[in-house]
Protein chains: 2
Amino acid sequence: MNVKTPPHPGSKKDVSRQGGCFHKYLFSKILRQTLSLVPSPSYPMPSVTVENYLKQIYLLQQGGELAPMGGLAVAVGVTPGTATSMVKTLADANLADYAPRAGVRLTEAGTRLALQVLRRHRLIELFLVQTLGLDWSEVHDEAEELEHAISDKVLEKIDALLGHPDTDPHGDPIPPSTGKPRQQKLTPLTECTPDMAGEVARVTDQAAEFLQFVDRQGLTPGAQFTVESQSPTADAITVRPHNREPVTLGTAAAMKIMVKVEE
Amino acid sequence: MNVKTPPHPGSKKDVSRQGGCFHKYLFSKILRQTLSLVPSPSYPMPSVTVENYLKQIYLLQQGGELAPMGGLAVAVGVTPGTATSMVKTLADANLADYAPRAGVRLTEAGTRLALQVLRRHRLIELFLVQTLGLDWSEVHDEAEELEHAISDKVLEKIDALLGHPDTDPHGDPIPPSTGKPRQQKLTPLTECTPDMAGEVARVTDQAAEFLQFVDRQGLTPGAQFTVESQSPTADAITVRPHNREPVTLGTAAAMKIMVKVEE
DNA sequence: CACTAGACTTTGATTGGTCAAAGTTGTTAT
DNA sequence: ATAACAACTTTGACCAATCAAAGTCTAGTG
Ligand SMILES: [Mn+2]
Ligand SMILES: [Mn+2]
Ligand SMILES: [Mn+2]
Ligand SMILES: [Mn+2]
């Protein structure tokens with residue numbers, strides 16, 4: 001089954017056009033089918049662009065908040081005007097609720113699609129590390145493309161091959177194919193105090209350089225450590241991974257490392 | 001490195017436009033860099049569309065012939081007008097030579113790109129069969145998408161994992177990463193005569209139904225067989241795969257099966 | 001040699017996605 | 001309250017890719 005580009009119906013001059021920069025009416029119509037109450041027989045696949053916006057909105061709205069338009073524009077790499085225009089389209093398609101000058105939030109249908117993209121992204125990342133032996137610092141960019149190209153069939157084969165994992169190489173949870181994603185309760189390393197022991201659970205920065213640094217210092221997810229010292233005034237925290245040299249991190253860096261604290 | 005959409009320079013009214021439907025002048029300019037004599041530092045990636053056209057032209061022009069525009073339009077799934085327009089763009093970009101009303105042929109640069117796409121396609125097909133366990137009848141469509149999403153790095157990992165194979169699941173040769181593709185000298189099954197023995201080498205039809213049939217009858221690449229009878233008049237040939245029931249094929253079907261004849 | 005049918009090209013329009021630049025607003029700080 | 005500013009939206013344009021329909025060639029056929 002190929003990606004079916006929506007047919008080109010309304011040829012010649014066509015119907016109502018309100019003023020300004022108003023395109024996309026057909027697109028909206030098609031997406032609207034996606035969430036029709038009757039389970040539609042053939043889903044029209046959302047475009048790569050739509051998938052990217054949905055995923056970024058999902059990631060920005062963590063915790064019921066509205067995702068800010070500015071942040072969204074930066075996240076998808078477009079100008080603010082482009083983001084506004086696209087978000088309106090998503091709202092027309094009932095994939096998002098848009099509050100002008102306040103922000104955007106996904107609807108139920110939008111969330112469902114976003115989670116599918118996220119699942120693909122994270123399973124692919126793990127696959128690239130586990131099966132093909134890429135470094136965890138390179139897989140994010142690869143997955144950014146592949147997440148739009150892989151079919152459900154291939155995805156489920158990968159999932160099975162990996163043994164139905166539930167976290168990706170960075171410790172991010174892999175959403176299940178249906179249902180709500182698990183919610184881990186993790187602590188940022190910044191909130192740890194001296195003598196606390198814990199385990200690195202998640203690294204929330206995909207920048208290759210940072211990931212390589214974290215790996216070199218032995219702080220990849222799963223690594224056990226003890227906090228040696230911590231000082232908000234010095235803006236730094238020193239931790240000692242088991243059987244490793246101690247590492248001192250500034251607050252900005254430590255905030256990107258989420259840990260599971262021993263109780 | 002993300003797919004860099006070419007920047008949007010010449011804003012506002014801009015330079016020369018000859019009459020008619022003349023877009024794509026910028027696009028051409030960018031692609032032209034690809035084959036500049038100076039090795040350009042950052043290749044602008046050809047779009048998915050360009051990759052698909054190049055691949056299909058390559059496959060249609062087998063043997064120095066000009067690929068016919070009509071066949072190309074069918075192959076890429078667009079109307080003839082669209083194919084004409086795109087081929088002109090490719091010619092502007094020096095990826096193809098276009099002879100109006102005669103056909104199109106790839107240039108050196110176009111051939112290089114086409115072979116890269118074909119290499120990705122076929123390695124991916126084999127990977128999907130070998131590593132993920134998909135059926136050989138489903139991998140073509142999957143690869144049609146993935147061939148545009150996979151980086152050189154991932155491709156070389158796959159190549160290594162598969163042991164640098166030289167044919168895909170259908171027996172099609174996998175072009176090497178540099179240099180000319182191997183040329184097999186194969187015989188269509190239609191040209192075999194009774195009592196000849198041989199080995200299936202290649203099945204040149206990607207239709208799932210045909211591939212499933214071939215598999216059921218035991219005529220997948222590598223299968224040894226003997227010709228039982230052949231009659232151009234009856235338009236049919238009967239072959240017996242080793243340790244299998246004999247199969248009778250019409251000429252149209254037998255032509256799609258290429259074999260290596262025992263000398 | 002003139003005709004014609006099919007293959008191809010041209011023309012004009014559409015859509016999704018984008019940007020630059022100008023216009024609008026809501027929120028802070030005086 | 002008001003001014004300033006950053007964040008956001010609007011406007012008008014562009015480009016790649018496409019189609020439908022109308023126009024043009026060309027290779028036969030008679
Ligand atoms: Mn992406
Ligand atoms: Mn990740
Ligand atoms: Mn393709
Ligand atoms: Mn193949």
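The chains referred to below are lettered A, B, ... by the order of the sequence lines, with proteins before strands, and numbering in each begins at 1.
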> Just the rounded figure in Å: distance from P of C/dC8 to CG of B/L60.
11 Å
> Quick test: give all pairs of protein nitrogen or oxygen and nucleotides 2-5 of chain D nitrogen or oxygen below 3.5 Å, distance rounded to 0.1 Å.
none

> Between P on D/dA17 and CG on B/D92, what's the gap in Å once rounded to a whole number?
13 Å
> Given 3.5 Å as the limit, does a donor-acceptor pair link the side chain of B/T251 with the main chain of B/D235, or not?
yes
> Looking at the side chain of A/T82, which of D/dT9, D/dT10, C/dT18 is the nearest nucleotide?
C/dT18
> Between C/dT10 atom P and B/M69 atom CE, what is the distance in whole Å?
10 Å
> For A/V129, does its backbone N or O pair with a side-chain atom of A/W136 as donor and acceptor, under 3.5 Å?
no
> When you measure from the side chain of A/R105 to the backbone N and O of A/G64, does any donor-acceptor pair fall under 3.5 Å?
yes
> What nucleotide among D/dA17, C/dG17, D/dT9 has an atom nearest to a side-chain atom of B/M86?
D/dA17
> Checking side-chain polar atoms at under 3.5 Å, does A/N94 have a donor or acceptor matched by the opposite partner on A/T107?
no
> Hydrogens and angles aside, do A/S85 and A/T82 bring a side-chain donor and acceptor to less than 3.5 Å of each other?
no
> Any side-chain N or O of B/T49 less than 4.0 Å from the OP1 or OP2 oxygen of D/dA17?
yes
> At less than 4.0 Å, is any side-chain N or O atom of B/S47 found next to OP1 or OP2 of D/dA17? Yes or no.
yes
> Using side chain to side chain contact (heavy atoms under 4.5 Å, CB included) as the criterion, point out the one residue from B/L106, B/T111, B/L59 that pairs with B/L54.
B/L106
> Under 3.5 Å between N/O atoms: give me all the protein pairs with nucleotides 23-27 of chain D, atom names plus distance.
residue, atom, partner, partner atom, Å
D/dT24, O2, B/R101, NH1, 3.2
D/dT24, O2, B/R101, NH2, 3.4
D/dC25, O4', B/R101, NE, 3.4
D/dC25, O4', B/R101, NH1, 3.4

> Compare the minimum distances between each of D/dT18, D/dT9, C/dC19 and the side chain of A/Y98, then state the nucleotide with the smallest one.
D/dT9
> Quick check on side chain to side chain contact (heavy atoms under 4.5 Å, CB included): which of B/V50, B/T49, B/N52 does B/H148 satisfy it with?
B/N52
> NA contact type, B/G81, heavy-atom cut-off 4.0 Å: base, sugar-phosphate, or nothing?
base
> Can you tell me the distance, in whole Å, between the NE2 atom of A/H148 and the C1' atom of C/dG16?
16 Å
> Does C/dG16 have its OP1 or OP2 closer than 4.0 Å to a side-chain nitrogen or oxygen of A/Y53?
no
> Identify which nucleotide among D/dC19, D/dT18, D/dT9 has an atom closest to any side-chain atom of B/T79, counting heavy atoms from C-beta outward.
D/dC19
> Just the rounded figure in Å: distance from P of D/dT18 to NZ of B/K88.
16 Å
> Suppose we call two aromatic rings close when their centres sit under 6.0 Å apart. Are A/H170 and A/H140 close by that rule?
no
> Does either side chain, that of B/D168 or that of B/H121, offer a donor lying less than 3.5 Å from an acceptor on the other one?
no
> Where the side chain of A/V78 is concerned, which of C/dC19, D/dT10, C/dT10 is the nearest nucleotide?
C/dC19
